[in-house]
Asks: 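Here it is: the structure, laid out below.
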Amino acid sequence: MPPSSARLPRADLARFHDDVIAWFGREARDLPWRRDASAWAVMVSEFMLQQTPVARVLPVYAAWMARWPTPADLAAEPTGEAVRAWGRLGYPRRALRLHAAAVAIVERHGGEVPASIDELRTLPGVGEYTAGAITSFAHRGRAVVMDTNIRRVFARVVSGVEFPAAGITAAERELATALLPAEDAHVWAAATMELGALVCTARSPRCVECPVASLCRWRAAGYPAHDGPARRGQAWDGTDRQCRGRLMAVLRETDAPVPKTMLDVVWPDARQRERCLDALVADGLVEPITDESYALPT
DNA sequence: TACGCGTGGGA
DNA sequence: TTCCCAAGCGT
């Protein structure tokens, strides 16, 4: 990355902050986890939002928080109940990790979601992004927050490229740190994330509505297309992921143990089906009841 | 570092 | 219709 793209002139930096935060004040969505939400509520929302769109999270989040308003409430349940309540959000291992994190919070943190990055990072399912998000949004702390939206906004406005690199680079982390304001860093994190989600989108950015279009180096450069390795999409048809999804869908439907014959009919390839079922058991998402029946873990 | 891990909606 | 991708994590 050329030196000129690593930083913004002081005056531009101030405008970047002020204009994005002012825009956020006008345009921020009224999301439930932003409305006098507990730290646990923020944490639940962050787990659900990992790779899952807001619109699909909303109803599941509402039901989840009504049923398990504190970490202790969830920790007291069988993991299978968490998996079932996760519904069709996808990546059900997140439900398992959220449950395990709730148990750890009860056992090691007196039932309160910790506020430090280091403590958060020890919780299952809490990585670099989620730790920063919980620190920032739940505790209003000053933390670097880098999700796909924020990374894209910084890549475009500051670095002048369409997309950030596949993995977070040291330079990118330094840039995000340098951009972090001294005061109200949590508002900055929320505002830049919202800008990426609503305006500076991956596919068709709405630059006409962008509060910092005049600062944007990608725009100034004439919107150069992404160069570098093509960002390969994930295969889906016939994959283990698809197979696992089919099996889990059957098990979510029923409280009682499911006869194996009911699983057999949702995936034709017996070898792959057996492998996936074994993997689901190994992951803790499925529990064998007898040789011929399975259920969500109790 | 690159890959596996679900699901479904919008362009 | 097909493709892309959506507040990542763990290995």
Side-chain angles (χ1 to χ4, degrees), chain A residues 24 28-29 31-34 37 41-61 83 86-98 100-101 120-138 143-153 162-170 176 186 189-198 200-206 226 229-252 266-267 272 275-276 279-280 282-286:
Chain A
F24 183 65
R29 288 168 293 179
L31 300 172
W33 45 86
R34 287 178 177 164
V42 171
M43 181 168 166
V44 169
S45 76
E46 291 302 338
F47 271 68
M48 290 184 173
L49 288 163
Q50 290 169 1
Q51 297 285 281
T52 303
V54 167
R56 207 177 319 155
V57 164
L58 285 169
V60 181
Y61 167 86
V83 172
W86 198 256
R88 312 177 73 158
L89 287 183
Y91 294 145
R93 291 188 295 184
R94 291 181 291 165
L96 244 30
R97 292 177 186 143
L98 182 53
L120 286 165
R121 282 300 298 269
T122 69
L123 299 174
V126 177
E128 177 175 3
Y129 161 74
T130 302
I134 294 172
T135 297
S136 188
F137 304 144
V144 169
V145 181
M146 276 189 297
D147 78 323
T148 187
N149 293 304
I150 292 174
R151 294 184 65 209
R152 189 173 54 246
V153 168
E162 185 177 18
F163 295 115
I168 295 178
T169 63
H186 64 282
T192 47
M193 190 178 303
E194 193 80 334
L195 187 68
L198 299 183
C200 195
T201 55
R203 223 91 61 94
S204 304
R206 301 167 169 82
H226 177 69
R231 315 184 313 150
R232 48 145 195 25
Q234 300 178 349
W236 173 247
D237 224 44
T239 61
D240 284 4
R241 268 199 348 284
Q242 186 183 31
C243 179
R244 289 164 59 107
R246 293 261 185 91
L247 298 173
M248 290 303 297
V250 173
L251 292 163
R252 275 198 308 268
V266 300
W267 197 260
Q272 184 180 21
R275 182 177 72 241
C276 288
L280 288 170
D283 287 346
L285 284 164
V286 174

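Just so it is clear, the model here is predicted, and its values are computed rather than measured.
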Asks: Under the rule for side chain to side chain contact (heavy atoms under 4.5 Å, CB included), what residues qualify as partners of A/Pro32, not counting sequence neighbours?
Replies: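 Side chain to side chain contact (heavy atoms under 4.5 Å, CB included) check on A/Pro32 returns A/Arg35, A/Leu58, A/Tyr61.
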Asks: Under the rule for salt bridge (charged side-chain N to carboxylate O under 4.0 Å, His left out), what residues qualify as partners of A/Arg93, not counting sequence neighbours?
Replies: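 Listed in chain order: nothing, the list is empty.
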Asks: For B/dA2 and C/dA7, measure between their C1' atoms and round to the nearest Å.
Replies: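 Those two atoms are separated by 22 Å.
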Asks: Using the test side chain to side chain donor-acceptor pair (under 3.5 Å), find all partners of A/Glu162 that sit at least two apart in sequence or belong to another chain.
Replies: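 Once residues adjacent in sequence are excluded, A/Glu162 has no partner under the side chain to side chain donor-acceptor pair (under 3.5 Å) criterion.
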Asks: Quick one: list whatever passes ring-ring contact (aromatic ring centres under 6.0 Å, His included) with A/Tyr91, sequence neighbours left out.
Replies: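 For A/Tyr91, no residue satisfies ring-ring contact (aromatic ring centres under 6.0 Å, His included) once neighbours in sequence are set aside.
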Asks: Can you check the distance between C/dC3 and B/dG6, where both ends of the measurement are the P atom (answer in whole Å)?
Replies: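 Here C/dC3 and B/dG6 have their P atoms 22 Å from each other.
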Asks: Can you name the side chain to side chain donor-acceptor pair (under 3.5 Å) partners of A/Gln51, sequence neighbours left out?
Replies: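 If we apply the side chain to side chain donor-acceptor pair (under 3.5 Å) test to A/Gln51, skipping adjacent residues, there are no hits.
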Asks: Just checking A/Trp33: base, sugar-phosphate only, or nothing, at a heavy-atom cut-off of under 4.0 Å?
Replies: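 The residue A/Trp33 makes base contact.
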Asks: According to side chain to side chain donor-acceptor pair (under 3.5 Å), who are the partners of A/Gln272, at least two apart in sequence or on a separate chain?
Replies: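 If we apply the side chain to side chain donor-acceptor pair (under 3.5 Å) test to A/Gln272, skipping adjacent residues, the hits are A/Asp240, A/Trp267.
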Asks: What verdict does the side-chain hydrogen bond (donor to acceptor under 3.5 Å, both in side chains) test give for A/Gln50 and A/Tyr129, after you've listed the backbone C-alpha separation in whole Å, the side-chain angles of each residue and the deciding distance to 0.1 Å?
Replies: CA-CA 9 Å; A/Gln50 290 169 1; A/Tyr129 161 74; over 6 Å; no
Asks: Where along residues 120-133 of chain A does a heavy atom come under 4.0 Å from DNA chain B, residue by residue in number order?
Replies: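 Nucleic-acid contacts, sorted: none.
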Asks: Not counting sequence neighbours, which residues clear ring-ring contact (aromatic ring centres under 6.0 Å, His included) with A/Phe24? List them please.
Replies: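 Counting only residues at least two positions away or on another chain, A/Phe24 forms no ring-ring contact (aromatic ring centres under 6.0 Å, His included).
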Asks: I'd like to check the salt bridge (charged side-chain N to carboxylate O under 4.0 Å, His left out) partners of A/Arg29; sequence neighbours left out, ordered by chain and number.
Replies: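 A/Glu194.
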Asks: Check every nucleotide of DNA chain C for an atom under 4.0 Å from a heavy-atom of chain A, then give the first and the last such nucleotide from 5' to 3'.
Replies: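 Both ends considered, the range comes out as C/dC4 to C/dG10.
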Asks: Each nucleotide in nucleotides 5-11 of chain B should get exactly one letter: B, S or -. Can you fill that in based on protein heavy atoms under 4.0 Å?
Replies: BBBB-BS
Asks: Pick base, sugar-phosphate or nothing for A/Leu31, based on heavy-atom distances below 4.0 Å to the nucleic acid.
Replies: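 Base contact - A/Leu31 has a heavy atom under 4.0 Å of at least one base atom.
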Asks: For A/Thr52, what residues pass the side chain to side chain donor-acceptor pair (under 3.5 Å) criterion, not counting sequence neighbours?
Replies: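 A/Thr52 satisfies side chain to side chain donor-acceptor pair (under 3.5 Å) with A/Arg94 once adjacent residues are dropped.
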